[in-house]
Every structure is written in structure tokens, then in C-alpha cells.
Asker: 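This is the structure I have questions about; it appears just below.
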Amino acid sequence: MRLSPRAAAVFLLAGLAGWPLLGRWPVGETVLGLACFYGALAVAWNLYALTGAISLGHSAFFGLGAYGSALLGYHLGWSPALTVPVGAGVAVCYAGLWCLGFARLRGVYLGLATLAAVEIPRVIIDNWNSLTLGSQGLVGLPPLPRVPLGPLTLALGTDTRAQYFLLLALLAVSLLVHHAALTSRFGWAWRALRENETAAGLVGVPGWRHRSLALLLSAALTGVLGAIYAHILGILEPPLVFTLHLSALPLVFSIFGGRYHLLGPALGALLLYPVDQLLLRPWLPTGHAAVYGVMVILAILFFPRGVAAWLERRGAGGGEPGPKTASTGGGREAGAPADPDPPGAPGGPPCLEIRGVSKRFGRRLVLKEIQLTVQTGEVLAVLGPNGSGKTTLFNLISGVLKPTAGRILLFGTDITGWPAHRIVHRGLARTSQIPQPFPEMTVLENVAMGLMFGSPGVPRLEAALPRARELLELVGLTPQAHLPAGELPFADLQRLEVARALATGPRVLLLDEMAAGLGPQEVIQAARLIRLLKRQGLTLMLNDHLLTLTARVSDRLAALDQGELLAVGRPEEVLGHPAVRAAYLGEREENSDVSAAP
């Protein structure tokens, strides 16, 4: 029998709630209660890790939440019922500074920056003696209040059993938040950022906004836990809360249990923390740390996705979860753009204008003052040998790179320097020369991401699946719908790129090396798809080496060589241009006119 993660969480919480009813074991209640507490802390940390960011400084939020609540209780005598939310607010404010200061950092640099950021509040609190009493610490903090429950009263400040149920309730709340994060639209955005941040921007996911939201939510929950921790202890000093130990434990628990499973971080704490306490012996002062290390190494080697995911597969008989089902239904005609305005015909008003655009990487000038206009409803192909700047031009238009000089206008709006997700929402999408899938998502989910975060966007994954199936049928990937995208061959990944770009609802579509890796029959199918999209009103801009494709489907060609625009015009005119024949076909003519055609 296979339980869903949600059902498994309910059974686990019910078992933990029923365990104290079997007898009175104060030590056991304390140890298991703290395991629940650290499970909630690991879940709070994992909310930020779901975006692919690794924090080594979450003890800063824990400590600020603790001190934000404790100082109000110590100096003003406020009840923890009032001060705990304030402590969480202090943690959120500091997380907001992280969002601004660490916006461009990734990977190990982000981890080191977060680790260093723990020292700032620790040093301030340790030296502000008039307010925090520094290293002397705050003693005699207000205890947690007594909570009446009908005929019973929970003395949260003194009764270990009442504290156990409080810590269990914190774990339940954190799991509820974790479940919402994993299954909501926000959770899918976080997953997209984790798997491929470049692709996330190309389907319309605002990376900074969603990663900041994850950090603020994580900090708020961590701050609440820190505040409650301070009032349970009754004393507070910097070494108790601003420690590497408190930053590292959630990381260890999450990796061991499974970072991408609902129960993973909590299960890691519930398994490892009791073992840690059992090994706290005078004759083995550091044994618990060694066990942590060994168990994490074993988990990485044998359960790379965590113990929770391994147990789930075992419960399912070792098989992989079956494909998700969704009813097919209505939606727009396959391949039709989302914009409600009627499409123009080739030669209509310009939808894309490139005015004097240049791009320099260091001292190397890759593009030089490109002047190009794309008319509404036309197919424009960009030609040029390797290194001529074709993909760089596409990267500038789509927001992957920012131009060094010049302007880019889309439907009359200057989009120069806009991030990729804003350009997607404006109505321009692209495919990539090197495919950028979300490798752990299924092919169907990859396309659904474009529908969820493109223009206009749908609120839930389930609502996007019928239309995603239509787009997969359009590009011929229906049989692969439930395969992980990372398992597809290169040619299928190219078709997936087209389907996902169409899912964003574009009016202008850039196809970068669409025919790369395709056989003759597949090239014919690609040409048919381009003609179909043109008939349905899309404006297309191609970048391909294959003349048999570009010359047959394009209304105009634009030829590049060494970053300069050589010629623009009808296919037969451009291919007959002396400078183009010299650059693209290798034909040299003396005294040839290499000036760009108008």
C-alpha cells in the first residue's frame, strides 16, 4: 500500500500526538519534543532551499526572532503572545536586507555571504550592553502563557507535556506551510528556479521576486521558532542562538530526510536528533557529530533524494509513481497565440525594432550597431557563420543579456535591459540553441510551466495540463509526455523548447537553431510547423544554418558576419549579395561591395 506524502504526514503527526498518552516519560517527551522543534526548523530552512539557494546563516533569523521577542518581555513585561509576532517581524526585516544585498549571488558565494551575515547581529547584540546585557544574557524572561482548553489548562511555561504538544503543533503548522509551498503556483516557481534559473526566466518566472518571497516566509517561520525557544528556556545570550550549529542542523536534517519531499526535513530531524541525544555521553563528547557525518554520507550515497523519498518508493514496490492524469478539453486552437488582438499580415506595422544595438564582452565587440525591423506577421531569418553574433542578438532581444549600446522596441515599448520574464509577459518568447529544460520535471510539466507563468498565466498546474497536451501533440511529443525532460534526446528537447515557448502565449517567437540535430524528415516537419504558426498570426524570427529550411519558410533574410549586418531583404536578394556569398558560402570576389543592403 502506497501512502501519499500528505497522508503519511497525517499518520506521522497522529502517531506523535498519541505517543504521550501511552505513559508519562518526561525525558522522552523532552527529547521527542525537541526533535519536533528541530523538524519545524528544518522545514523553515527548506522553504528557501526549494528555490535552489543554500543558506548557512539561518541562525541569524532564529536569534533575531528570539531577541526581538525577549527584549520586549524583559524590559516592558509584555506577554509572549504579543512579542513572538514582533520577533518574527524583526527576522523578516533582516531577511529583506538579504533580498536586496544578496540578489546577484548564487551557489557557494551565497552560502558564504549568509554565513558571514550571522556575525552582524551577533556582534551588535553582544556589545549593546545597555539593551541586551551583552554576554551576561537576559535572565528571567516571561514564560509562555497558560492556555485553557475546556476543562484542561496547558501550562506551556512549566509542563513538559504541554510543551511537547506545543512543539508538535509547530511541526504540524510548518508541514502545512511546506505542503502549500510544494503544491502551489509559488512552489512550482521555486522548483523552476532550482532546476534551471535561465529557463525559469524564459517562461515568465520573476526569479528575484519568488526567491525573496521564499526567504521572507522562511525567515518568518524561523523567527517564530526562535522566539518560542527563548521563552521556553527563560534565559537568552548570543552563544545560545547565533551559532553555526543552529545553521548547520537544518541543512543536515533536510539532506538526510530529503529536501524535495513533504516529510523529508521533519523526518530527518525525528530520526537524527534522538540518536544525537543517545550518544551524549561523557566518554563520547563528540560522538554525536561523528554519527551525523556518517549518516549524512550514507544518505548521500544510498538515498540521494533522501530517506523519505526512498521509503515512499519502497512503499510503492520500488516502482516510480505513475503518470499524472488530466482530462483533455478545450482551450485555444493548437499553436494559437494568447493575445486577443487580431494578427497582422506580413508587411504590417513593425512589432520589433532593433536600433543601433551593440554588444561588447570585455574588449571584444560581438555586435556592432545592428539596425533591424521585424514586421508584424512575417518570418525573418538571421543567417551567418559560427561566431557572427546570431545567438547573441537573440539573447539581447529576449533579455538574457543586456546591450552595451542601442535600443530594442517591442510593440513600440522600449524593452532595452528588461529581464527575460518581463519580456515574456510583453508577448515575446524564444527557444534556446542549447536546450534549457527543467530536467526533473516531466515533459508535460515543462510545457505547463509556460502556461502557468506566461501571458496571461493560469493559477494551477491542473488547469494548464489540457492545453499543455495540445501543444505536445502539435510538436509530436505526446508519447514522451510523462518522461523526465532530462531523459529526452537532443532533437526531442528542441521540440520541447518550441512547445514550452508557445505555452507562454507569445505574439513574437524567436527560434534559435530549431533544426539543429534534426534529420531530413524532421526538418520537413519543422518547416510545416513554422508555416502553421505563421498562418495563425505569430511573428517569427529564425536563426539557423540550414538554408534549405530558412530560405523556404522566410519572408526576409538578414545576414550577419563578425557582428555586422551585411544585408536584409528577400531570400533570393540576400543570398545573391556578394558580401553574403563571401561570408556565408566562402566565395571571394574582388572589389565586391560589402555595404549593407537597406
Side-chain angles (χ1 to χ4, degrees), residues 198 201-202 350-375 378-420 422-424 426 428-434 436 501 508-514 516 539-547 550 554-569 571 573-575 577-586 592-598:
T198 299
L202 293 177
C351 61
L352 181 63
E353 300 176 67
I354 302 166
R355 300 180 178 177
V357 167
S358 300
K359 180 61 180 177
R360 184 183 297 273
F361 294 103
R363 296 183 177 180
R364 184 187 175 197
L365 186 62
V366 179
L367 288 175
K368 181 180 179 181
E369 298 182 359
I370 302 299
Q371 297 277 358
L372 191 60
T373 298
V374 182
Q375 306 297 327
E378 78 167 334
V379 179
L380 174 69
V382 181
L383 301 178
N386 287 332
S388 60
K390 304 185 302 298
T391 295
T392 300
L393 178 61
F394 275 36
N395 286 338
L396 296 176
I397 296 171
S398 59
V400 176
L401 296 175
K402 295 182 179 180
T404 305
R407 299 169 61 204
I408 301 173
L409 278 70
L410 180 64
F411 305 115
T413 301
D414 191 343
I415 62 168
T416 309
W418 281 21
R422 284 190 65 193
I423 295 175
V424 169
R426 183 64 183 167
L428 183 145
R430 67 163 294 181
T431 65
S432 299
Q433 179 180 11
I434 300 175
Q436 300 281 346
V508 180
L509 179 61
L510 312 185
L511 299 173
D512 193 358
E513 297 284 2
M514 180 182 177
T539 301
L540 301 171
M541 194 171 176
L542 314 180
N543 161 17
D544 211 294
H545 290 287
L546 196 60
L547 286 176
T550 54
S554 302
D555 298 307
R556 291 191 301 152
L557 299 181
L560 287 176
D561 183 40
Q562 298 183 13
E564 296 189 31
L565 187 62
L566 299 181
V568 181
E573 297 172 353
V574 173
L575 293 178
H577 195 286
V580 175
R581 299 184 69 86
Y584 197 83
L585 303 178
S592 61
D593 181 11
V594 295
S595 61

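The model shown is predicted, which means the values in this text are computed figures rather than measured ones.
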Asker: Minimum heavy-atom separation for L428 to I397, with atom names?
Answerer: CD1-CG2, 3.7 Å
Asker: Heavy atoms only: give me the nearest A558-L372 pair and the separation to one decimal.
Answerer: CB-CD1, 4.0 Å
Asker: With a 4.5 Å cut-off on side-chain heavy atoms, are T404 and V366 touching?
Answerer: no
Asker: On the ring face of F361, is K359 found with NZ or CZ under 6.0 Å from the centre and within 45° of the axis?
Answerer: yes
Asker: Could you tell me which non-hydrogen atom of V508 sits nearest to which non-hydrogen atom of C351, and how far apart they are?
Answerer: CG2-SG, 3.8 Å
Asker: Does D561 use its side chain to pair, donor to acceptor, with the backbone of S388 at less than 3.5 Å?
Answerer: no
Asker: Do S554 and V379 have side-chain heavy atoms sitting under 4.5 Å apart?
Answerer: yes
Asker: Can you tell me if E353 has over 12 outside heavy atoms packed within less than 6.0 Å of its CD?
Answerer: yes
Asker: Look at the side chain of K390 and the backbone N and O of G384, then say whether any donor-acceptor pair between them is shorter than 3.5 Å.
Answerer: yes
Asker: Quiz question: by atom type and distance under 3.5 Å, do the side chains of T391 and Q433 form a donor-acceptor pair?
Answerer: yes
Asker: Looking at CG of L565 and CD of Q371, how far apart are the two atoms once the value is rounded to the nearest 0.5 Å?
Answerer: 9.0 Å
Asker: With a 4.5 Å heavy-atom cut-off, do I408 and L352 have their side chains touching?
Answerer: yes
Asker: In Å and rounded to the nearest 0.5 Å, what is the CG to CG distance from L566 to L383?
Answerer: 10.0 Å
Asker: Say whether, by atom type as modelled, one donor and one acceptor occur between the side chain of R581 and the main chain of L575 under 3.5 angstrom.
Answerer: yes
Asker: Quick one: do N543 and L510 satisfy side chain to side chain contact (heavy atoms under 4.5 Å, CB included)? Show the steps, please.
Answerer: CA-CA 8 Å; N543 161 17; L510 312 185; over 6 Å; no
Asker: Just wondering, do N395 and R430 contact through their side chains at under 4.5 Å, heavy atoms?
Answerer: yes
